[in-house]
Every structure is written in C-alpha cells, then in structure tokens.
Asker: 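After the structure tokens below, expect a handful of questions from me.
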Amino acid sequence: MPRNFDFAAVEPRLYGWWQAQGWFKPECAADGAEPYVISMPPPNVTGSLHIGHALFTALEDLMIRYERMRGKAALWLPGTDHAGIATQLQVEKMLRDEGTSREDVGYEEFLHRTWQWKEEQGGTITRQLRRLGASCDWDRERFTLDDGLSNAVIEAFITLWEQGLVYRGPRLVNWSPGLQTAVSDLEVESNEEEVTLYYFRYPVEGGAYLPVATTRPETILGDTAVAVHPDDERYRHLIGSRATVPILGREIPIIGDDYVDMEFGAGALKVTPGHDFSDYELGRKHGLELLNILNKDASMNDNAGLYAGLDRYDCRERLWSDMEAAGLTIRTEPYVTRIPRSQRGGEVVEPMMSAQWYVRIQPLADKAIAAVRAGRVKIVPERFEKVYFHWLENIQDWCISRQLWWGHRIPAWYREKDGDPQGEIYVGREAPAGDGWVMEQDVLDTWFSSGLWPFSTLGWPEETADLARYYPTQMMETGHDILFFWVARMIMMGLWFTDRPPFHTVYLHGLVRAEGGAKFSKTLGNAIDPLTVVDELGADPLRFTLITSGTPGNDCHLDETRLDHSFRFINKIWQMTSFINMNLDGALELGAPPSDELDLPSRWILSRMNRLIENVQYLFDIFQYGEAGNQILAFMWDEFAPFYLEISKGALYEGNEAQKTATRRVLVQLQDCCLRLLHPFMPFMTEEAWRYIPHDGEALIIADWPQADADAIDDDVEGRMAAYLELVREIRNTRAEFKVDPGRRIRAIARAGSAATEDLANNDQILKRLCNVEALELLPLEAEEPANSANVVVGDISVYLPLEGMIDIAAERRRLTDELAKLDAQLERTEKMLGNKNFVERARADVVQRERNRLVDLKAARAQIEERIANLGRLP
RNA sequence: GGGCGUUUAGCUCAAUUGGCAGAGCAUCCGGUUUACACCCGGAAGGUUAUAAGUUCGAGUCUUAUAGCGCCCA
C-alpha cells in the first residue's frame with residue numbers, strides 16, 4: 001500500500017472505472033429498487049466552476065451516493081442552462097472585442113456565433129463537475145435548448161395560451177436600456193444609494209407655485225399631474241386647479257390623493273404614470289394620461305420636446321439648468337434611496353410602457369401554495385416555507401418575454417389588421433396558413449424553461465419510460481437565493497402540467513462567503529477557486545470541508561484553514577488503513593467476533609461505532625450532513641485512532657494467535673464501517689483505501705450503507721472504559737506536570753479491592769500503551785502505600801506513580817489540594833441538585849440517575865485524595 | 001415600513017426532544033513513541049450580545065432592546 005494517498009493519480013482512474021462499470025446509472029440497482037432522483041440545478045452552459053457549484057455538487061453527490069449505497073435506483077440527472085441574458089452578454093462582449101456588434105452581424109449570424117460559442121465552451125463546466133467526483137448519469141445529460149426541452153417549452157407555452165393563462169399587452173415593465181429588453185421584477189435589485197434630491201417649483205395657474213421634490217428631474221417631462229394630500233392645509237385649496245410642466249409649458253391637473261406623503265420633500269408629488277410604478281397606479285385611479293418620454297435606449301423621445309435625443313442623464317442636467325435659469329429650482333440635497341438596477345448588467349432600470357407576454361400566475365400559485373401546505377412538498381429548513389408562502393400570496397403576473405436573441409423563441413405569429421402590424425395574434429407550433437404572418441421575435445425568460453426542468457429532462461410531454469419511472473423526483477437541492485426564481489416556479493409548473501409536485505423535498509443551502517461574510521468575487525481577489533483546490537489537495541478535502549462548514553439554509557463563511565484540516569484528516573484515514581493493512585496476515589473472516597470473545601477495549605470501540613452509526617443515521621434523516629461528517633471525524637480521530645488503535649498494538653505485537661485474529665477482525669470491521677460512512681463525503685480516498693482492507697463486494701460505491709447493531713451498544717462497557725481513559729488522561733497530565741521524560745516507562749501501582757481496579761489490571765494494555773507505564777501492579781489492601789509517589793484518582797480507582805527523585809512533596813500536596821478543590825466544587829453542585837426535591841421528582845429519571853452515579857464517584861475520589869493528603873502530612 | 005435569519009473562545013463555526021458549552025485554526029509547553037511531524041502528549045482561552053420572564057434546570061423556550069446580514073415593499 002502506498003505510503004500516501006496519491007489523489008492526482010487515483011481520482012481520474014477511479015472516476016473512469018466507476019463510470020465504465022455503469023455505477024452512475026440507476027439501472028445498476030437491483031430490479032424493482034425504489035428510485036431516488038435529483039435533477040441537477042443546471043449551471044450556465046458557458047460558465048465555469050465556482051465555489052457555489054462545488055457546494056451543490058458536494059451535497060448532491062453525497063445524497064446520491066448515500067441513497068445508492070442504501071440500494072436505491074439512484075439517478076442524478078445533469079444538464080446545463082442556456083442562460084439567455086448571461087450568455088448573450090458574453091457573446092456580445094466577444095463581438096465587441098472583434099470590433100463588431102450583435103446588430104451589425106444580424107440575427108442569423110448572431111445565433112450561429114452563439115451556438116458556436118456554446119459548442120466551444122459548453123463542455124467546460126461539466127468536465128469540471130467530473131473532477132469533483134460527481135456521480136451523474138452523463139448519458140441522460142440535457143441542455144435547455146436541445147430539441148426535447150425546446151419541445152417541452154413550446155408545449156407548455158401553447159397549453160397556457162389555450163387555457164387563457166398567457167396574454168400579451170402593454171404594461172409598465174422594468175426596462176433594461178443597455179440590454180434593450182424587459183426583465184422581470186425578480187431580475188431587478190434595488191439597493192440604497194446616495195443620490196441627489198431636487199426641490200423645485202411647479203407653477204400653478206394664478207401665479208402660485210407648488211414645491212415638489214424628485215430624484216429623477218428628467219421625468220418631469222412626462223408628468224401628467226401633480227398630487228397633494230387632501231388633508232394638507234397648505235395645498236388642498238389647489239386641488240382641481242392646473243399646473244404647468246416646467247419648460248414644456250404643458251398644462252396638467254392638480255389632484256388630491258391620500259397616497260401622497262406630506263412629510264416627504266415639500267409635500268406635493270409629481271405624477272409620472274409612464275415611468276413609475278406607483279404613479280402608474282395613481283394614474284389609473286385618476287384616469288390620467290400616460291406619457292412615454294423615453295426611447296428603448298433610454299434617450300429622450302419626441303415627447304420630451306427640445307430635449308429629444310438626449311440621454312436620460314444629460315437631459316436631467318440640461319433640464320435642471322434650464323429650470324434654474326427660469327427661476328423654478330429651490331435647492332438640491334444629498335439623499336439616500338433605493339435605485340433599481342439590472343441583476344445582470346448592473347445598469348439602472350427604467351419603468352417603461354411596453355407590450356410584453358405575461359403568465360396569469362394566480363391559478364398556478366394557488367396550487368403551489370396548497371401543495372406545500374398539505375406537506376406534498378417539504379422545504380428544508382422549514383422556515384423558508386414562510387418566505388415561499390409570502391411571495392406566492394403576493395405574486396404579480398410573470399413577464400416572460402425578453403427582447404433577446406438567445407433563447408426559446410415564442411411560438412406566436414402576428415398579422416397586420418386595421419393598420420396595426422400586430423392586430424392579429426396566432427399561437428401555435430407552426431405559422432398559420434395564409435399570407436402576411438410574421439413570427440414573434442421575442443424569446444422566453446430563461447426561467448420559463450428552467451421551471452419545466454424536473455420533467456422536461458425526463459422526456460415530458462412524451463410519455464417516456466423514464467418519466468414514468470423517475471418522476472416525480474425525490475430531492476431538489478439548490479441555493480435559497482433562487483427559491484422564487486426557480487423552486488417556486490418548478491412547483492407551479494410541475495403541478496400544473498403533471499398534476500404532481502416535481503419533487504418531495506427541497507433542501508436549500510446557503511451562499512458560500514469569504515471570511516468575515518464578504519462575498520466571493522474575482523475583483524476582490526478573495527475567491528477560492530475550487531479547481532485550484534482540487535489540483536493542490538484533491539477533490540475529497542474540498543468536498544468534506546464544504547459539507548462540514550455549513551448547516552442547511554445558512555450562509556457559510558469558508559475558512560481556508562479547514563481545507564488543510566480536511567486534507568490531513570484524509571491522510572489520517574489513509575495512515576490508519578495502512579496500519580491495518582500491514583498488520584494483516586493472510587485470509588481473514590469478515591465481521592467482528594461475538595462480543596463474549598472480545599476484550600474490553602474491543603467491546604468498547606464496537607459499542608462506540610454502533611452508536612456513531614445510529615447518530616449518523618439520525619443526522620442524515622434530518623439532513624444535518626455537516627454534523628454527521630464532524631461526528632465521524634471525531635470518532636476516528638479522538639477515539640478509534642488514539643485509543644483503540646494504540647491499544648490494539650498490544651494484541652497485535654504481543655498477543656497469541658486468537659487475540660491477533662480477533663483484533664484484526666475488529667480493526668477491519670471498524671475501518672470498513674468508517675470508510676462506508678465517509679464514502680458519500682470523500683468518495684475517492686475511501687474507495688481507494690477500501691481496496692487495501694479485506695472486504696466483501698466489488699466496489700465501495702455500491703457497497704451497503706452500515707446498519708447499527710443495537711445489541712453491540714453497551715452502556716456498562718462504555719462507562720468502564722470512559723473511567724479508564726479518564727485515568728489515562730490524569731496519568732499523562734501528572735507526567736507532564738512532573739516533567740517526566742515522555743520516553744521513560746514508569747511503574748503504576750494500585751491497591752486491589754475495587755472491581756474496577758481489577759478489571760483494569762486485566763486489561764493492562766490500556767495503561768501500558770497509552771501512558772507508557774509498566775503493567776498495573778496490584779498491592780494488597782493492607783499494604784503500605786508506595787513511597788515517593790504521585791497519586792491519581794478517578795472514581796474508586798487510585799493509582800500511585802512512584803517517581804523516585806522527581807516528586808516534590810510540597811508540589812504534590814499543592815497538586816492534590818487543587819484537585820480536592822475541583823472535586824469539592826463539583827460535589828457541591830451535584831449535592832445541591834440532588835438535594836433539590838423538585839429536581840429529583842421532576843427531572844427525567846436517567847438524568848437523575850446520572851447525577852447519583854456522579855455523586856458516588858466524586859465521593860470515592862474525594863476520600864482517596866483526602867487520605868493521600870493525610871499520608872503526605874506524615875512523610876518527612 | 002413588513003418579514004426572516006444571526007450574535008457562543010482571538011478567527012471560522014458546532015452543540016439530536018431544555019440536562020456539566022465543543023471542534024478546527026491561531027497561541028503556549030513538551031516530544032524523531034516501529035500508521036501518520038500531513039503526527040503525538042499537555043496547557044491556556046467563555047457571565048453563550050443586553051435585560052427581564054417561564055422552568056427543578058436555559059446557548060436552546062417567551063418578551064423587549066441593540067448590532068450585523070438577507071428577503072419583500
């Protein structure tokens with residue numbers, strides 16, 4: 001067995017082997033196995049792997065490998081998303097770099113170039129997922145723009161149209177001037193920014209003025225009213241009069257509405273229904289004219305009069321200085337408000353009137369709410385259900401059309417009628433018969449196709465065998481940041497089109513952030529590149545770190561030192577395997593011998609192991625994978641390796657054949673179990689290490705998941721062993737305190753009498769191997785206590801360590817007095833608890849019993865130490 | 001403005017129904033002990049943000065306050 005785990009050589013070899021054997025496919029399970037399916041959240045086809053992808057890969061592969069080991073027909077279906085806006089932006093940038101543009105090359109050529117780009121870049125991210133060990137069924141890989149999925153998108157759109165749930169019409173939309181497309185509410189991010197608040201005078205008929213404040217003066221040109229609060233003593237007499245739009249001289253009404261906030265600005269409100277969502281509502285309520293003053297690139301249009309053609313911000317400046325000259329300005333002041341920006345381009349989005357396609361979403365939302373309420377879909381952690389309900393209960397119709405070129409083209413045709421080029425609309429797979437039909441240019445929101453993902457990838461709307469067997473899926477694992485974008489829409493669309501929720505459980509992970517909560521970003525240079533980590537440390541440490549660093553739903557702040565720790569853990573396991581491997585001798589019967597043939601340490605460690613299996617099972621059941629990983633680590637690093645494995649050297653090096661064989665069987669059993677439990681966390685090292693210990697089966701990836709043996713769990717054995725290990729710690733502590741050379745083997749003497757002491761003497765390897773003492777010597781009860789000794793007490797066990805020439809009586813007395821003080825403090829606490837009638841009567845029985853046992857132990861230890869101090873007093 | 005989360009060791013995070021607050025990293029001391037120096041042994045480090053309450057018992061439950069973060073207006 002190699003001295004170290006050579007991850008760079010092993011990882012590709014094992015991955016290729018697993019895949020070639022067909023173990024990533026659900027068909028490798030036994031006939032009739034229950035399916036377990038995860039649809040992979042499809043990454044952007046042209047993207048490359050970042051730490052967020054690594055997190056979902058680690059989690060989903062863990063789930064899939066776990067269920068595969070449990071005998072399920074496990075299917076992790078991979079794929080990629082065409083990611084309309086993101087990809088189009090990338091290709092446009094490429095064209096810009098070539099000195100050309102989307103418009104210059106034209107529609108056909110642009111699509112051609114984008115497909116070309118997809119072919120070149122498309123394999124990158126899926127290759128990178130493989131490096132992490134993702135056990136996906138690559139034969140079933142899908143792409144949102146492939147034929148099958150495009151067919152599903154068209155089917156879904158036409159169905160919704162026929163059901164009257166898709167409509168087209170002019171609405172105020174979030175318009176992205178740079179991208180020249182509408183975007184949905186969700187794609188707009190509003191954050192507080194420092195801007196300027198402009199105070200100015202609205203001339204009113206009769207020579208008066210109304211003071212108004214705005215952060216967007218250019219929209220004055222689109223005002224169609226001024227509003228004041230009907231209770232406002234200052235201005236209410238003006239309701240019904242007319243005001244004049246500055247510079248343009250257009251007359252508009254002054255209206256009264258209690259929507260106006262009298263405290264804001266100067267108390268009066270300019271109303272721009274064409275470029276503000278609140279004003280739009282106000283305008284509808286009051287029957288105001290709706291004026292559009294912007295072109296699609298956010299330059300001013302003819303409605304802006306002499307400002308036509310100016311960019312929106314140039315116009316703002318020019319208009320303000322013209323108003324200043326006209327004496328209409330009051331003042332400006334710094335102001336903090338939320339500015340809506342496009343999630344993709346980062347530019348300021350303008351509300352603008354535009355004809356778009358919408359989904360009437362309420363009927364779909366109602367079903368989605370009901371499904372979660374009824375528990376047909378479970379969201380982990382549960383608190384996100386509230387967020388989900390709140391969003392769906394206040395949902396707005398979904399704007400699904402985008403003025404992009406890259407995406408699913410909406411299957412609609414227009415024909416001129418009564419002078420309106422779009423007077424007639426036809427929706428269908430093919431252009432209708434007759435002349436003059438022109439196909440819709442708009443494409444669908446990327447999330448429209450993503451919403452169909454769990455069933456479109458399995459063949460829907462065709463009734464395929466895969467759809468029948470693997471739908472609905474079991475688990476949807478994704479980030480909580482796309483709960484609305486994606487998860488809610490999948491649930492809506494799944495219920496609507498298949499009448500079943502697309503998955504049973506939603507597991508939401510958090511964002512991976514840098515230390516201190518900073519966002520990872522390339523520009524900040526604080527990004528951890530998963531591929532660099534894989535190159536340097538291997539995939540396993542990255543996976544283990546990501547899984548054990550977080551809890552469901554919470555962002556995790558990734559501490560890079562944990563990567564090193566995971567790497568060292570993996571080395572540790574390799575070394576443990578290596579130790580077992582080199583102490584084998586020929587064929588070995590698998591499984592531990594029956595407990596009555598085992599020594600105390602073996603029964604102890606098997607009890608601990610089975611308790612671990614129980615705990616891990618419980619934690620997996622409640623999706624606490626991180627804690628499960630940590631518990632396995634703690635078991636191996638804090639119990640198995642430093643105690644059992646060390647103690648086992650006694651039997652292996654000095655024992656008889658029966659002892660050797662029994663110990664080997666226990667060691668192999670332990671390591672086999674740990675490797676199985678860890679396989680979903682760190683598939684490569686565990687698989688490779690497993691080959692070096694006796695095992696049953698072809699590969700760990702398809703080995704059985706461990707089951708706890710409740711009969712092996714023995715509280716009595718664990719209690720006895722815990723006391724001895726406590727004694728070990730005390731002896732080590734004492735040695736350190738008296739500066740005994742770690743290499744020096746010392747004597748240890750106990751007086752016979754307690755059963756525990758004799759039990760310990762029968763297991764002399766414990767003290768011998770763990771604190772470098774000779775075998776425990778037993779003195780008769782009536783014997784004198786050994787001279788010049790330090791004394792160590794745990795419960796009713798008292799051990800003397802003769803340390804000739806090293807013991808300072810005064811120091812020993814001080815040490816024992818300190819010890820006594822500690823014991824007294826604990827005694828006081830325990831006695832107080834047990835003296836409390838309420839505690840004894842009301843606390844759980846096992847808790848009370850534990851305190852009673854503690855009291856007995858503490859009293860015994862105290863008596864021993866007191867005696868010892870008294871004896872010290874008699875020494876010269 | 002409404003909602004959700006969060007605040008635990010210097011840093012990053014744990015803590016199964018409420019039952020003696022734990023890891024890793026960093027720090028200090030000591031070690032080439034035949035699986036591992038990618039290691040081993042020992043030490044130090046905490047009024048669990050603050051204030052009340054419920055309870056025999058609170059990091060955990062309730063209420064209020066403050067800081068930080070996210071979501072929705």
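Given the structure is predicted, the values throughout are model-derived calculations rather than measurements. So you know, we letter chains A, B, ... as the sequences are listed, proteins then strands, and number each from 1.
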Asker: May I ask you to say what L619(A) touches in the nucleic acid, namely base, sugar-phosphate or nothing, with a heavy-atom cut-off under 4.0 Å?
Answerer: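 The residue L619(A) makes no contact with any strand.
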Asker: Distance check, P atoms only: G57(B) and G19(B), in whole angstrom units.
Answerer: 14 Å
Asker: When the P atoms of A15(B) and U6(B) are compared, how many Å lie between them, rounded to an integer?
Answerer: 11 Å
Asker: Contact class for R732(A) vs. all strands (heavy atom < 4.0 Å): base, sugar-phosphate, or nothing?
Answerer: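 Sugar-phosphate contact only.
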Asker: Does R769(A) come within less than 4.0 Å of E654(A), counting only side-chain N to carboxylate O?
Answerer: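 Looking at E654(A) together with R769(A), the answer is yes, because their closest N to O distance falls below 4.0 Å.
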Asker: Per the atom types in the model, does the base of G24(B) pair as donor or acceptor with the side chain of D559(A) at under 3.5 Å?
Answerer: yes
Asker: Any side-chain N or O of W637(A) under 4.0 Å from OP1/OP2 of C40(B)?
Answerer: yes
Asker: Heavy atoms under 4.0 Å, any strand shown: does E646(A) hit a base, just sugar-phosphate, or nothing?
Answerer: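 Base, at least one base atom sits under 4.0 Å.
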Asker: Taking only the C1' atom of each, what is the distance from U62(B) to G1(B) in whole angstrom?
Answerer: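 Between the two C1' atoms, the distance is 25 Å.
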Asker: Base, sugar-phosphate or nothing for A634(A)? Non-hydrogen atoms, less than 4.0 Å.
Answerer: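 Nothing, no heavy atom under 4.0 Å.
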Asker: Start at the 5' end of RNA chain B and walk down; is the nucleotide closest to M833(A) or to M582(A) reached first?
Answerer: M833(A)
Asker: Is a donor on one side and an acceptor on the other found under 3.5 Å between the side chain of R735(A) and the backbone of N772(A)?
Answerer: yes
Asker: Could you tell me whether the side chain of R745(A) has a donor or acceptor atom within less than 3.5 Å of a complementary atom in the base of U33(B)?
Answerer: no
Asker: Could you check how far CZ of F579(A) sits from P of C40(B), rounded to whole Å?
Answerer: 14 Å
Asker: Looking across every strand, which nucleic acid part, if any, lies under 4.0 Å from F569(A) by heavy atom: base, sugar-phosphate, or nothing?
Answerer: nothing
Asker: Assess the pair H480(A) and F384(A): is the distance between their ring centroids shorter than 6.0 Å?
Answerer: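 Yes.
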Asker: How is R850(A) classified with respect to the nucleic acid when contacts are heavy atoms under 4.0 Å: base, sugar-phosphate, or nothing?
Answerer: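 Touches sugar-phosphate only.
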Asker: For G2(B), does either OP1 or OP2 sit under 4.0 Å from a side-chain N or O belonging to K386(A)?
Answerer: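 Indeed not, no polar side-chain atom of K386(A) lies that close.
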Asker: I need the CZ-P distance between R3(A) and U34(B), as an integer number of Å.
Answerer: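 Rounding to the nearest Å, CZ of R3(A) and P of U34(B) are 11 Å apart.
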Asker: For E851(A), is there an ion pair with K832(A) - N to carboxylate O distance below 4.0 angstrom?
Answerer: no
Asker: Write down the distance between CZ (R735(A)) and P (C40(B)), rounded to a whole number of angstrom.
Answerer: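 Taking atom P of C40(B) as the reference, CZ of R735(A) is at 18 Å.
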Asker: Name the residue closer to the 5' end of RNA chain B, choosing between H565(A) and R769(A) according to the nucleotide with the nearest heavy atom.
Answerer: H565(A)
Asker: Whole angstrom is fine here: how far is it from CG in N571(A) over to C1' in C36(B)?
Answerer: 6 Å
Asker: When rounded to the nearest Å, what value does the distance between P atoms of A49(B) and G31(B) take?
Answerer: 40 Å
Asker: Using the six-membered ring of F389(A), assess whether NZ or CZ of R373(A) lies under 6.0 Å from its centre and within 45 degrees of the ring axis.
Answerer: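 Geometry flag: set, cation within 6.0 Å and 45°.
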Asker: Using the C1' atom as the point on both nucleotides, what is the distance between C70(B) and U17(B), in whole Å?
Answerer: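 About 30 Å, rounded to a whole number of Å.
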Asker: Please confirm whether the shortest side-chain N or O distance from N733(A) to OP1 or OP2 of A43(B) is below 4.0 Å.
Answerer: yes
Asker: Report yes if at least one side-chain N or O of R562(A) is closer than 4.0 Å to OP1 or OP2 of C11(B); otherwise report no.
Answerer: no
Asker: Tell me: CG of L511(A) to C1' of G5(B), nearest whole Å?
Answerer: 13 Å
Asker: Quick one: label T548(A) by what it contacts on the DNA or RNA (base, sugar-phosphate, nothing), any heavy atom closer than 4.0 Å.
Answerer: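 Answer is nothing: T548(A) stays at 4.0 Å or more from every strand.
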Asker: Ion pair present between E774(A) and K768(A), side-chain N to carboxylate O less than 4.0 angstrom?
Answerer: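 Looking at K768(A) together with E774(A), the answer is no, because their closest N to O distance does not fall below 4.0 Å.
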Asker: Under 4.0 Å, counting only non-hydrogen atoms across every strand here, what does K649(A) touch: a base, just sugar-phosphate, or nothing?
Answerer: base
Asker: Roughly how many Å apart are G46(B) and G59(B), using the C1' atom of each and rounding to a whole number?
Answerer: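 Their C1' atoms lie roughly 11 Å apart.
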Asker: Between G2(B) and G10(B), how many Å separate the two C1' atoms, rounded to a whole number?
Answerer: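 My reading of the C1' atoms in G2(B) and G10(B) gives 38 Å.
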Asker: Could you encode protein contacts along nucleotides 68-73 of chain B as a string, one character per nucleotide from 5' to 3', using B for base contact, S for sugar-phosphate-only contact and - for no contact, with a heavy-atom cut-off of under 4.0 Å?
Answerer: ---SSB
Asker: If you write RNA chain B from 5' to 3' in dot-bracket form, with Watson-Crick or G-U pairs under 3.5 Å, [ ] for crossing pairs and | for pairs with another strand, what do you get?
Answerer: (((((((..((((.....[..)))).(((((.......))))).....(((((..]....)))))))))))).
Asker: How far, in whole Å, is A64(B) from G45(B) if one measures between their P atoms?
Answerer: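 Here G45(B) and A64(B) have their P atoms 37 Å from each other.
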Asker: Side chains of N853(A) and Q849(A) only: does a donor on one sit below 3.5 Å from an acceptor on the other?
Answerer: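 Yes - a donor-acceptor pair under 3.5 Å links their side chains.
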Asker: Kindly indicate whether a cation-pi arrangement holds for R489(A) with W398(A), taking the cut-offs as under 6.0 Å to the six-membered ring centre and within 45° of the axis.
Answerer: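 Relative to the ring axis of W398(A), which defines the angle, R489(A) lies inside both limits.
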Asker: How many Å lie between CD1 on I632(A) and C1' on A14(B), as a whole number?
Answerer: 15 Å
Asker: Without decimals, in angstroms, what is the distance between R744(A) CZ and G41(B) C1'?
Answerer: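 Atom-to-atom, R744(A) to G41(B), this comes out as 17 Å.
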Asker: Side chain of N581(A), backbone of Y692(A): donor and acceptor closer than 3.5 Å?
Answerer: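 Such a contact is found between N581(A) side chain and Y692(A) backbone.
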Asker: When you compare the side chains of W574(A) and N4(A), does any donor N or O come within less than 3.5 Å of an acceptor on the partner?
Answerer: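 There is no such pair between these side chains.
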Asker: Quick one: is G3(B) close enough that its OP1 or OP2 comes under 4.0 Å of any side-chain N or O from Y388(A)?
Answerer: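 Looking at the OP1 and OP2 atoms of G3(B), neither is under 4.0 Å from any side-chain N or O of Y388(A).
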Asker: I'd like to know whether D715(A) forms a salt bridge (charged side-chain N to carboxylate O under 4.0 Å, His left out) with R611(A), so could you lay out the CA-CA distance, the side-chain angles of the two residues, the decisive distance to 0.1 Å, and finally the verdict.
Answerer: CA-CA 10 Å; D715(A) 290 329; R611(A) 207 180 282 278; 2.7 Å; yes
